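Any value given below was found using the heavy atoms of this structure, including those in side chains, with hydrogens, waters and symmetry copies removed. Computed from a predicted model, the values in this text were never measured in an experiment. Chain identifiers are assigned alphabetically (A, B, ...) following the order of the sequence lines, protein sequences preceding nucleic acid strands; residue numbering begins at 1 within each chain.
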Amino acid sequence: MSFIEQNLIQNIQAATEALYHKKVEKIILQATNANFEGSHTLVTFGLAKELGQSPESLAQAIGQYLVEKSGIVTQFNVAKGFLNLTINDQVWLQVFNQMRTDKNFGYAPQNGQRVMVEYSSPNTNKPLHLGHLRNIFLGWSMAKILEANGYEVSKTCIVNDRGIHICKSMLAYQKLGEGETPETAGIKGDHLVGKYYVEFDKLHKSQIKPEQTNEKNPATPALQEAEQLLIQWEKGDSATVDLWKKMNGWVYAGFNETYQKVGVSFDKTYYESDTYLLGKDIVQEGLDKGVFYRAEDTSVWIDLTAEKLDKKILLRSNGTSVYMTQDLGTADLKYADYQLDKSIYVVGNEQDYHFKVLFKILDKLGRSYAPGLYHLSYGMVELPEGKMKSREGTVVDADDLLAEMLKIAQEKTDELGKTDDFTPEELQKLYHIIGTGAIKYFLLKVDPKKKMLFNPQESVDFQGDAAPFIQYNFARINSILRKAKQLNVSSQVIDYQAYTQLHSAENHLLQLLASLPAKIKEAAEGYAPSVIAQYAYEVAKGYSKFFAECSIFNAETEAAKSFRVALSAMTAQVIQKAMDLLGIDVPEKM
RNA sequence: GGUCCCAUAGCUCAACUGGAUAGAGCAACUGCCUUCUAAGCAGUAGGUUACAGGUUCGAUUCCUGUUGGGAUCACCA
């Protein structure tokens, strides 16, 4: 809480005591609506009831008191029951001075807690698509935000690298591959494997007999062969394992290329081929504790109907484990590896039910870490015609989209012609910063919980509420700072006393900058990078307005000039920090 | 059918967790570059917050119902 809020709350409490001889415990302030004068607002309806006063007269009385006694409130107005307070500009300048001298402004100190963010978690049978990008950017940003809130964060990825779906692409490759490799085919490894996954689907569908069309899982020869391959793999058959290793290697190389392109990485990768047998001992533990039960056919279940959930299978009658069993095992493994206080799973909302059940089971088993588990459930990215389906080819491929972003960035940059002095390398770097920034911002600005729409026809915005606009303001500021250096305008020392009247655009911007710490906290508590994205845009907009309305180098006084340079520098710093939390770079020039 | 989620301007999204006259961007229309980067600024227009009730000083937000959309309910992962 800022000292302004502390001061106001204390003085409001003092006011109610002095005026009505009653101490009020909780005072809640909110930001003043833009249509009214002031920055802080006290909503008096609740207080009025408690004190037996009318909201209007109470607001008047407290307002009067604050102007006289607080030392920071210069004026107030009352609309209905809302008491709007205007804070002295000198106080705002103090706030400004405080934030610019704080190297860690916005960041919370270490809190000694460990948190894991698991994200991406791809299958190794097809390339990444737009939905994965939302997942990846959310995970990365969430990790950054938690770090900024003082957590020790580890980023992990659980690769789903085994199972029937992997065997499908292996089988198709065996049949049709003719020794093709990413090199000979000239195709990125993950795309090559994805191609054979599609081939398998074609083969499988062509083999479905007329009388099987209504079955949910028609047993075609192709499917049976793939199942056979899975059995071979589980036996450790060397030829099968070698093929599996080779194809997975291609996929990893492809994924890594994409990860690198978008600038994300992991501290730890778990492979399901290593962990898929985990969790069976937990099944035994659950049986011993009486949390699970064994059915007549020897399969193991948990009955969660009392919790308004269903019965869930945990071990098949043939003794093999299911998805849930593995997740129980990896939860224990993660905790054993990192002693986590919190563990965040970034997984799509189609798995809401799965995680509800998973967390409930771990809780029932008495795991101490259960309360710290959180499913960061995000909505699907949909196309105008509906959901993306990889088998039907209606997906927006991640690599294709990134390439298109770079292309648009290049076209737009070249069109504006402001980069004539750039070297080819600098230009490539700039296109990359702008292109990837645009897609990241596009995916992160929306509340994670909500599904969102991507229209390939309109693609991603580079204008208005978009990353390039924010980056543009950062570049603009750097231009200003370069010029300030040239002109020897010092912003180190500011004569605040000589600057008594802030321009409304300055005041607005300053208040925005001051709210960075609150926003970083809010983003972590709500698990919502969108809070930061919206904030970054507002700051950029605030600067743009200031830039248009206040001349910096032709300022009326020296004090104003140096303050404006300092305000610009501070804005650049805040923009950079906010964008960094989103995983978005900012350019010095553009 | 059970459970869960969603519905806000023509389009894409906000709305400080129950607050004021519901805000931005895109698209449309008006102005503004011989002065610090116009990827910009200022303005006009655009809304019965799906619908019907309820709770209260006050509802886009909470409750009930209706309609429409999505997810999930596998001895798949």
For [N], does OP1 or OP2 lie under 4.0 Å from any side-chain N or O of [X]?
X       : N      : value
K449(A) : C5(B)  : no
S544(A) : C41(B) : yes
R316(A) : C76(B) : yes

Consider the side chain of [X], meaning its heavy atoms from C-beta on, and name the nucleotide among [options] that approaches it most closely.
X       : options                : answer
R482(A) : C26(B), U37(B), C11(B) : U37(B)
K450(A) : U12(B), A14(B), A39(B) : A14(B)
A548(A) : A39(B), C41(B), A20(B) : C41(B)
D310(A) : C73(B), C36(B), G23(B) : C73(B)
P468(A) : C41(B), A39(B), C36(B) : A39(B)

With a non-hydrogen cut-off below 4.0 angstrom, is [X] in contact with a base, only sugar-phosphate, or nothing?
X      : answer
K49(A) : sugar-phosphate
V43(A) : base
K80(A) : sugar-phosphate

Whole angstrom is fine here: how far is it from [atom1] in [X] over to [atom2] in [N]?
X       : N      : atom1 : atom2 : value
Q30(A)  : A20(B) : CD    : C1'   : 9 Å
L223(A) : A77(B) : CG    : P     : 14 Å
Y543(A) : G40(B) : OH    : P     : 15 Å

Q: Using only heavy-atom distances, determine whether the side chains of E426(A) and Y431(A) contain a donor-acceptor pair under 3.5 Å.
A: no
Q. For Y441(A) and D461(A), does a side-chain donor sit closer than 3.5 Å to a side-chain acceptor?
A.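 No, no side-chain donor-acceptor contact under 3.5 Å.
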Q: Would you sort out whether E118(A) and K334(A) count as a salt bridge (charged side-chain N to carboxylate O under 4.0 Å, His left out), showing the intermediate values?
A: CA-CA 10 Å; E118(A) 179 204 312; K334(A) 283 172 166 182; 2.6 Å; yes
Q | Assigned partner base of C29(B), Watson-Crick or wobble definition, under 3.5 Å | A |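 Here C29(B) is engaged in a pair, and the nucleotide opposite it is G43(B).
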Q. Ring stacking, F36(A) with base of A20(B), under 5.5 Å and under 30°?
A.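 Yes.
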Q) Is the ring of F45(A) stacked on the base of G19(B), with centres less than 5.5 Å apart and planes under 30° off? A) yes
Q) Is R476(A) positioned over the aromatic face of F547(A), cation under 6.0 angstrom from the ring centre and no more than 45 degrees off axis? A)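 Judged by the rule, R476(A) and F547(A) form a cation-pi pair.
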**Q.** Geometric cation-pi criterion, R162(A) with Y276(A): 6.0 Å, 45°
**A.**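 Judged by the rule (NZ or CZ under 6.0 Å from the ring centre, within 45° of its axis), R162(A) counts as positioned above Y276(A).
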Q) C4(B): syn or anti, with syn meaning chi within 90° of zero? A) anti
